[in-house]
Amino acid sequence: MQIRNYFFVFILLFVTGLGSTAQNTMYFMDRMPQKQLYNPALIPNVKFYLALPGLSGISASAYNSGFTYNELDDFLDNLDNAAYNPDEFVNSIGKTNQFISEANANLFSFGFKLKEKGYFAFNYYVKSTLSVDAESDIAYLLSEFDDLSDDDFPLVVDGIDMKHNTYASMGVTYARKMNENLTVGISPSLNFNVLGVKTEGLKYKVQMDQTDPSVDKTYNETFEGTVTLGLPTEINPDAIHGGELDLEEGILPKNWEDDLNAGDFFRNASLSLNLGATYEIHKWMFSASLLNLGGSKWKQNGYLLKGNQDVIKVQKETVKMGIPTQLYLGASRQFSPKWNYALLFNSNFYAGGANSAATLSLNGVVGKTLSTSVSYTSGYKYNNLGVGLRLRFFPGMDFYCVTDNIIQAFSSKNANRLTASVGINLSFGVKEGLTATEKYLDNMEE
């Protein structure tokens with residue numbers, strides 16, 4: 001049971017532990033420097049901003065396609081009920097279940113206006129992504145096997161595909177107004193890769209060894225497949241014998257974290273690139289961006305594990321893992337100097353396919369104190385009402401909180417998707433001068 005517990009506890013920690021990147025609702029909000037993470041051409045409407053560690057922003061998102069936390073909890077609680085049919089729940093998931101999560105923590109960032117047409121920003125943050133695709137029968141593997149009927153065995157789950165990537169990213173963003181209408185932005189980043197896990201075709205099987213009711217049931221668990229690992233340290237040398245891994249010894253050395261130093265986190269570096277553009281004409285602004293062009297690489301501490309419960313071959317090699325590419329397409333119409341309505345389409349591309357969503361939002365500014373957005377998002381599910389607030393609570397200090405799912409935030413255990421972003425920005429000087437849209441509105445009023 002040890003291997004199964006390690007694997008699924010890891011997944012459940014992400015399912016239940018992420019409160020949840022609020023990218024859609026934040027995208028068109030005023031005076032929000034963080035929106036350059038979604039399109040480097042979206043110049044913040046401030047002359048200078050500073051984001052400090054711990055204060056300047058944590059954002060996360062989590063999505064599970066087939067069931068909510070409460071539905072899973074109800075399934076597990078009723079397995080020992082003779083009148084309960086667990087197959088109804090498993091069949092309701094569909095053929096496969098998909099779980100996706102992303103978390104982003106800012107370590108340090110700042111940005112400032114360059115003369116009349118440019119904007120420069122520096123960002124340093126830690127990011128973690130996880131995706132898990134598996135057959136719906138994976139729900140049975142989360143249960144206590146003694147609660148299952150004898151007819152449920154053998155349990156076989158094929159094609160468990162998991163991809164996890166944690167890295168620190170240090171990058172710069174340069175945006176420039178090419179003319180009155182067009183703005184372009186580019187954001188190259190140097191990524192320092194910490195932890196990567198990728199499984200391919202992982203198969204897990206559970207057989208019941210005994211059916212005699214007078215004898216306690218025992219179970220035989222087997223697995224086979226390939227796992228690619230990128231680690232912050234080497235695999236435990238005491239666990240490798242003749243090129244084979246002994247899981248009982250532990251994959252990582254004992255007290256490995258005590259032996260790490262700051263330089264160890266900068267060994268495995270790779271590059272990625274974000275591109276973006278906006279175009280303003282009359283009352284409209286159109287925008288597009290393509291993010292995470294690149295991937296992660298471990299030249300040191302990269303391993304390929306292949307085999308089954310009896311023999312796991314270990315091969316040390318350079319490991320490459322992709323970062324999910326993101327596409328954003330947006331359009332907004334300014335119907336007054338301080339208010340607009342907008343439509344945003346975004347799609348995240350994974351090895352197993354793409355997840356897409358569309359957001360309709362109303363965005364505005366109330367004086368210099370408050371920016372707000374109200375949104376509706378469809379795609380993942382159809383009950384996603386979002387709210388974003390930026391409040392200047394002290395001179396130069398803006399508190400913000402944004403979510404795409406305000407209703408689910410109050411009932412997280414019944415949600416399939418959760419997003420949240422919260423933090424404090426230090427920002428000074430609303431950018432002077434009118435945008436092309438604002439000039440058009442002024443001319444219309446005259």
Side-chain angles (χ1 to χ4, degrees), residues 2-14 17-18 99 101-105 107 124-132 160-170 189-202 204 223-272 292 294-309 311-324 350-351:
Q2 185 182 27
I3 299 171
R4 179 175 71 97
N5 288 341
Y6 283 152
F7 181 73
F8 290 109
V9 165
F10 174 76
I11 295 175
L12 284 174
L13 283 173
F14 275 86
L18 281 176
F99 174 73
S101 72
E102 179 179 310
N104 190 328
L107 298 179
Y124 184 37
Y125 59 88
V126 174
K127 189 171 185 177
S128 181
T129 64
L130 172 69
S131 66
V132 181
I160 303 174
D161 293 325
M162 180 179 73
K163 297 175 181 65
H164 169 71
N165 199 343
T166 296
Y167 57 94
S169 183
M170 183 183 298
S189 295
L190 184 62
N191 302 324
F192 304 103
N193 306 297
V194 179
L195 175 64
V197 182
K198 180 172 67 175
T199 69
E200 297 180 44
L202 187 63
Y204 208 97
F223 66 89
E224 60 180 292
T226 300
V227 178
T228 303
L229 289 176
L231 301 174
T233 186
E234 64 176 354
I235 281 184
N236 183 6
D238 295 331
I240 300 178
H241 308 285
E244 297 180 5
L245 178 65
D246 182 1
L247 289 175
E248 297 297 327
E249 294 286 346
I251 293 180
L252 298 179
K254 292 182 180 180
N255 302 317
W256 61 272
E257 64 276 10
D258 296 334
D259 296 327
L260 288 179
N261 56 60
D264 293 329
F265 292 99
F266 297 94
R267 288 181 176 179
N268 297 296
S270 59
L271 297 174
S272 63
N292 299 332
S296 296
K297 180 187 291 187
W298 281 261
K299 293 183 178 179
Q300 298 186 46
N301 305 325
Y303 301 91
L304 180 65
L305 281 58
K306 189 173 183 179
N308 53 40
Q309 69 286 345
V311 177
I312 301 177
K313 294 289 186 180
V314 180
Q315 181 177 341
K316 192 170 185 178
E317 61 179 45
T318 297
V319 167
K320 296 181 180 180
M321 295 187 190
I323 302 172
Y350 300 87

Considering all heavy atoms, the nearest [X]-[Y] contact:
{"X": "S296", "Y": "S270", "answer": "CA-OG, 3.5 Å"}
{"X": "D161", "Y": "G201", "answer": "OD1-N, 3.1 Å"}
{"X": "P253", "Y": "I235", "answer": "CD-C, 4.3 Å"}
{"X": "T318", "Y": "K299", "answer": "OG1-CA, 4.2 Å"}

Measuring from atom [atom1] of [X] to atom [atom2] of [Y], what distance do you get when rounded to the nearest 0.5 angstrom?
{"X": "Y124", "Y": "S189", "atom1": "OH", "atom2": "OG", "value": "12.0 Å"}
{"X": "L130", "Y": "S101", "atom1": "CG", "atom2": "OG", "value": "4.5 Å"}
{"X": "N292", "Y": "S169", "atom1": "CG", "atom2": "OG", "value": "8.5 Å"}

Side chain proximity check, [X] to [Y], heavy atoms < 4.5 angstrom:
{"X": "I240", "Y": "K316", "answer": "no"}
{"X": "Y303", "Y": "T228", "answer": "no"}
{"X": "I251", "Y": "N236", "answer": "no"}
{"X": "P232", "Y": "W256", "answer": "yes"}
{"X": "M321", "Y": "K163", "answer": "no"}
{"X": "L231", "Y": "L195", "answer": "yes"}
{"X": "V197", "Y": "M162", "answer": "yes"}
{"X": "P324", "Y": "E102", "answer": "no"}

Can a donor-acceptor pair be found, under 3.5 Å and without considering hydrogens, that links the side chain of [X] to the backbone of [Y]?
{"X": "T166", "Y": "T129", "result": "no"}
{"X": "N104", "Y": "K127", "result": "no"}
{"X": "N191", "Y": "N193", "result": "no"}
{"X": "N268", "Y": "Q300", "result": "yes"}
{"X": "D238", "Y": "E249", "result": "no"}
{"X": "N308", "Y": "V311", "result": "yes"}

### Query
Given the rule in the side chain to side chain contact (heavy atoms under 4.5 Å, CB included) test, do E244 and K313 qualify, once you have shown the distances and angles that lead to the verdict?
CA-CA 5 Å; E244 297 180 5; K313 294 289 186 180; 3.3 Å; yes
### Task
Starting from the C-alpha separation in whole Å, work towards a yes-or-no answer on side chain to side chain contact (heavy atoms under 4.5 Å, CB included) for T226 and L305.
CA-CA 6 Å; T226 300; L305 281 58; over 6 Å; no
### Query
Going by the angle between their ring planes, with limits at 30° and 60°, are F223 and Y204 parallel, tilted or perpendicular?
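Taking Y204 first and then F223, their aromatic rings lie parallel (interplane angle under 30°).
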#### Entry: Working for side chain to side chain contact (heavy atoms under 4.5 Å, CB included), residues R267 and N301
CA-CA 10 Å; R267 288 181 176 179; N301 305 325; 4.3 Å; yes
### Message
Could you tell me if S128 and N165 have a donor-acceptor pair between their side chains, going purely by distance under 3.5 Å?
### Response
no
### Task
Decide side chain to side chain contact (heavy atoms under 4.5 Å, CB included) for K306 and I312; before the verdict, give the C-alpha distance in whole Å, the side-chain angles of both, and the deciding distance to 0.1 Å.
CA-CA 5 Å; K306 189 173 183 179; I312 301 177; over 6 Å; no
